[in-house]
Undergrad: 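Once you've had a glance at the structure underneath, I'll fire off some questions.
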Amino acid sequence: MGNMKIKAKEKNGVVGVKVLIKHDMLTYDQAKKKGVDANFITHITAKVGDKIVYDASTSQFLSKNPMLKFKFKGAKKGDELTISWVDLSGKSVTESKKIK
Amino acid sequence: MNRRNFMGFGVLAMATLPAVLSAFESIDFRKTKPDVWKAKTVDDAIKALYGDIKPEEKGVKVKAPKVASNGGAVPVTVKSDIPAKTVAFFQNMDPESAVVVWNIPEDAVIDYFMKIKLKATDENGGNGELTAIVEGKDGKFYIGKTKLQVAKGGCEG
């Protein structure tokens, strides 16, 4: 079972990536109401090989089950894109997908 | 599974830390600039991140619906062709202002989409505004803004 849905497609030298992440993204306000600790994704990094192609520090205000899209150059079809996120609780998930 | 991933990530992070300075490295702006994420206004957040800057209003585009019916997932795009070191994205509806700070790799195309949570704009007089700042490689700063209305807030859960 994957945590992320990743689509990566190369066209004219530019790779377009679409990512859906399963995460509650519980804000401080929401968590307070529920009587639990806030927890949200704080960092998302994407790499091709050991080269970083996307690097985002994020706040509690990404939507629940956040969707991201980004673009980058310098990769080709068949290369493997690896996306990692880490949340406030320290949990981290890494998943990969071949660029089409 | 998760634990193993977490450990792997930690080892990887430690292994890449002492890497050559010229290589592009991940920056966790939540650690390097903790005050950015606590700032209650866009101006304060920008100050906490970049200091006292006077950004030029050009070259940065923020795209969002004029009226967002569901504040729980508002689609937003930040675009710029300016060769950038970092890009930061803020809004003035939620309790804190910062949403994302990107560290921009060499081969990036700044065309970043995400869905975000926003509180209803009637809580701040209907003045919903999204702001993106580009820190250019030329050392200058550029700003782009767009206004929007949010009908139903998405932060209350």
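Numbers restart at 1 for each chain; the letters A, B, ... are given by sequence-line order, proteins then strands.
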Undergrad: Are any non-hydrogen side-chain atoms of Tyr54(A) and Trp102(B) less than 4.5 angstrom apart?
TA: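 Result yes, sub-4.5 Å side-chain heavy-atom pair found.
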Undergrad: Report yes if some heavy atom in the side chain of Val100(B) is under 4.5 Å from a heavy atom in the side chain of Leu62(A); otherwise report no.
TA: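 They are in side-chain contact.
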Undergrad: Work out which heavy atom in Pro105(B) is nearest to a heavy atom in Ile52(A); give both atom names and the distance.
TA: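 Here Pro105(B) and Ile52(A) meet closest at CB-O, 3.3 Å.
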Undergrad: Where is the tightest heavy-atom contact between Met67(A) and Phe113(B), given as atom of each residue plus distance?
TA: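 So the minimum-distance heavy-atom pair works out to SD-CE2, 3.4 Å.
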Undergrad: I would like to know whether Lys115(B) and Lys64(A) meet side-chain contact (heavy atoms from CB on, under 4.5 Å); could you show each step before the answer?
TA: CA-CA 9 Å; Lys115(B) 285 190 179 173; Lys64(A) 183 181 171 178; over 6 Å; no
Undergrad: Is it the case that the side chain of Lys117(B) and the backbone of Phe61(A) share a donor-acceptor pair, with hydrogens and angles ignored and the cut-off at 3.5 Å?
TA: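 No; judged by distance alone, with no hydrogens or angles, the pair does not exist.
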Undergrad: Are more than 12 heavy atoms, taken from residues, nucleotides or ligands other than Asp50(A), located less than 6.0 Å from that residue's CG atom?
TA: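 It does not: Asp50(A) CG has 12 such atoms or fewer within range.
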Undergrad: Using a cut-off of under 4.5 Å for heavy-atom pairs, which of Met25(A), Lys51(A), Lys73(A) has the most such pairs with chain B?
TA: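 Of the options given, most contacts go to Lys73(A).
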Undergrad: With side chains defined as the heavy atoms from C-beta onward, is the minimum distance between Asp29(A) and Lys119(B) less than 4.5 Å?
TA: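 Yes. Closest side-chain heavy atoms under 4.5 Å.
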Undergrad: If you tally heavy-atom pairs under 4.5 Å against chain A, which of Lys31(B), Met114(B), Glu106(B), Gln91(B) wins?
TA: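 The option with the most such pairs is Met114(B).
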Undergrad: Which donor-acceptor pairs under 3.5 Å do the side chains of residues 5-20 of chain A make with protein atoms, sequence neighbours left out?
TA:
from, atom 1, to, atom 2, distance (Å)
Glu10(A), OE1, Lys77(A), NZ, 3.3
Glu10(A), OE2, Gly13(A), N, 2.9

Undergrad: In terms of heavy-atom pairs under 4.5 Å, which option from Asp111(B), Asp107(B), Val87(B) contacts chain A the most?
TA: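 The candidate making the most pairs under 4.5 Å is Asp107(B).
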Undergrad: Could you state whether Val150(B) and Val76(B) fall into the same hydrophobic cluster, counting links through intermediate Ile, Leu, Val, Met, Phe, Trp or Tyr residues with side-chain heavy atoms under 4.5 angstrom apart?
TA: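 Yes: a chain of side-chain contacts under 4.5 Å links Val150(B) to Val76(B).
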Undergrad: Given Ser63(A) and Ile116(B), is the side-chain contact (heavy atoms from CB on, under 4.5 Å) satisfied, shown in steps?
TA: CA-CA 4 Å; Ser63(A) 70; Ile116(B) 62 171; 5.8 Å; no
Undergrad: Any idea which of Phe29(B), Trp37(B), Phe89(B) has the most non-hydrogen atom pairs under 4.5 angstrom with chain A?
TA: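 Sorted descending by pairs with chain A, the first entry is Trp37(B).
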Undergrad: Enter the distance from Asp55(A):CG to Phe24(B):CZ here, rounded to the nearest 0.5 Å.
TA: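 So the gap between those two atoms works out to 5.0 Å.
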Undergrad: Taking all non-hydrogen atoms of both residues, which atom of Thr58(A) and which atom of Arg30(B) are closest, and how far apart?
TA: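 Heavy atoms of Thr58(A) and Arg30(B) come nearest at O-NH1, 2.6 Å.
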Undergrad: Under the side-chain contact (heavy atoms from CB on, under 4.5 Å) test against Ser57(A), which residue among Ile27(B), Asp28(B), Asn103(B) passes?
TA: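 Only match with Ser57(A) under side-chain contact (heavy atoms from CB on, under 4.5 Å): Asp28(B).
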